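Data block below; observations after.
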Protein chains: 2
Amino acid sequence: MRLTTKGRYAVTAMIDLAMNQSLGPVSLKSISVNQGISLSYLEQLFAKMKRKNLVVGARGPGGGYVLARDVDSISIADIILAVDEPLDITECEGEENCHDGKRCLTHDLWSELTDQLHVFLRGIRLGELMRRSGIDQARNSGPAVRLARSDGHRVGLPE
Amino acid sequence: MRLTTKGRYAVTAMIDLAMNQSLGPVSLKSISVNQGISLSYLEQLFAKMKRKNLVVGARGPGGGYVLARDVDSISIADIILAVDEPLDITECEGEENCHDGKRCLTHDLWSELTDQLHVFLRGIRLGELMRRSGIDQARNSGPAVRLARSDGHRVGLPE
DNA sequence: TGAAAAACCTAGTAAAATACTTGGTTTTTA
DNA sequence: TAAAAACCAAGTATTTTACTAGGTTTTTCA
């Protein structure tokens with residue numbers, strides 16, 4: 001499991017989304033402005049998260065993304081694994097350096113370690129991080145920052 | 001905190017070192033051969049770990065590295081932080097995008113998350129990983145693989 | 001009906017990090 | 001004194017990151 005700023009971007013964006021989806025879909029534009037992340041980069045990250053069924057997209061004006069599942073059923077591990085695909089299948093899969101059993105040994109140890117990390121990150125849910133921040137602060141910023149529909153009309157989601 | 005294959009290399013090398021230092025310093029050459037990591041790359045990783053007082057070097061023939069501390073006092077976090085310097089001081093340190101308090105909010109959440117990760121990885125010690133592998137298997141491979149001194153003479157360490 | 005807002009898509013690309021390579025020097029041992 | 005090792009500096013190919021550019025498709029609303 002990799003853990004880089006890419007995953008950090010994704011987690012940050014998802015926290016933003018979780019905190020603001022109550023009034024309807026959240027546009028990537030607004031997340032881009034609020035979090036200072038390039039719009040197109042966000043599009044790429046959300047395309048991956050959509051493929052992993054973490055978010056649902058809604059096209060057209062007033063559209064955006066909403067979480068596909070409950071905030072408490074989405075873990076940090078889900079998010080990071082969605083954007084940082086492993087591709088760690090390389091190394092030592094029937095390779096020549098494994099002859100003495102030594103290489104596979106430490107590789108097993110390492111994978112055990114990452115398994116523990118998975119369990120740990122799977123234990124932290126989006127809802128937890130959201131609640132830890134106290135009350136939703138974003139909506140108070142007004143439409144200029146949040147880019148929310150000023151009439152507060154709730155836009156229907158695709159079923 | 002970053003967590004990439006670089007840290008994985010370092011942890012793997014340190015497990016190798018921990019399992020083989022009982023007979024004296026372990027050369028990077030032997031770790032290079034056993035773990036399939038470039039010698040010069042190992043040199044760079046160990047230079048960083050030496051700077052963080054995780055290992056002690058011994059020059060000359062029969063030299064190599066030994067752990068500077070007990071296997072149970074060196075955590076996985078120590079190793080990863082030694083080779084993957086953070087340099088995460090960027091982003092949002094009195095920047096312009098913080099005006100509405102929103103950006104700093106998610107940044108705080110993220111740093112809380114990495115704090116938890118630190119605690120977790122600090123809780124896993126090198127000795128634990130070592131013992132989990134059962135009995136030391138490496139020394140049975142003989143000098144061709146391990147490159148150990150065949151006479152078994154224990155080389156003195158610098159004090 | 002048509003303009004606009006959004007997702008959605010593809011391709012490229014600059015900067016950074018990773019994972020080396022090369023070619024040394026210094027120290028220590030036998 | 002030769003060899004083995006740490007130690008050091010500089011360069012480099014590859015990969016990843018983070019982004020730009022330029023679209024299309026879908027949907028809403030005036």
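The shown structure was predicted, so the numbers you read here are calculated from the model rather than taken from an experiment. Chain letters run A, B, ... following the sequence lines, proteins first, then strands; residues in each count from 1.
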Legend entry - B:Pro25 versus B:Ala58, closest heavy-atom pair with distance: CG-CB, 4.1 Å
Separation of [Y] [atom2] from [X] [atom1] (nearest 0.5 Å):
X        : Y        : atom1 : atom2 : answer
B:Leu54  : B:Met14  : CG    : CE    : 5.0 Å
A:Gln35  : A:Asp16  : CD    : CG    : 4.5 Å
A:Arg125 : A:Ile76  : CZ    : CD1   : 9.5 Å
B:Arg122 : B:Ile124 : CZ    : CD1   : 12.0 Å

Legend entry - ring pair (Phe, Tyr, Trp, His ring centres under 6.0 Å): pairs with one or both residues in residues 22-49 of chain A, sequence neighbours excluded: A:Tyr9-A:Tyr41, A:Phe46-A:Tyr65
May I ask you to say what [X] touches in the nucleic acid, namely base, sugar-phosphate or nothing, with a heavy-atom cut-off under 4.0 Å?
X       : result
A:Leu39 : nothing
B:Phe46 : nothing
B:Ile37 : nothing

Starting the side chain at C-beta, find the nucleotide from [options] nearest to [X].
X       : options                : answer
A:Thr4  : D:dA6, D:dC19, D:dT17  : D:dT17
A:Ser27 : C:dA6, D:dA6, C:dA19   : C:dA6
B:Tyr9  : C:dA19, D:dT17, D:dT20 : C:dA19
B:Ser38 : C:dT18, D:dC19, C:dT21 : C:dT21
B:Lys6  : C:dT26, C:dC8, C:dA19  : C:dA19
B:Pro61 : C:dA19, D:dA4, C:dC8   : D:dA4

Can you tell me the distance, in whole Å, between the [atom1] atom of [X] and the [atom2] atom of [N]?
X       : N      : atom1 : atom2 : result
B:Lys48 : C:dA19 : NZ    : C1'   : 12 Å
A:Leu42 : D:dA18 : CG    : C1'   : 11 Å
B:Tyr65 : D:dA4  : OH    : C1'   : 14 Å
B:Ile31 : D:dA5  : CD1   : C1'   : 13 Å
B:Arg51 : D:dA6  : CZ    : C1'   : 14 Å
B:Leu45 : D:dC8  : CG    : P     : 15 Å
B:Leu28 : D:dA4  : CG    : P     : 15 Å
B:Gln21 : D:dA5  : CD    : P     : 17 Å

Inset, instruction - Could you tell me whether the side chain of A:Ser32 and the main chain of A:Ile37 form a donor-acceptor pair under 3.5 Å? - result: yes
Inset, instruction - Could you tell me whether the side chain of B:Ser75 and the main chain of B:Asp78 form a donor-acceptor pair under 3.5 Å? - result: yes
Inset, instruction - Scan nucleotides 10-15 of chain C nucleotide by nucleotide, 5' to 3', and note B when protein non-hydrogen atoms come under 4.0 Å of the base, S if they reach only the sugar-phosphate, - if neither. - result: -B----
Inset, instruction - Ignoring backbone atoms, establish whether A:Lys29 has a side-chain N or O less than 4.0 Å from OP1 or OP2 of C:dA6. - result: no
Inset, instruction - Determine: side-chain N/O of A:Tyr41 to OP1/OP2 of D:dA18, distance under 4.0 Å, yes or no. - result: yes
Legend entry - 5′-ward residue of the pair B:Val83/B:Arg59 relative to DNA chain C: B:Val83
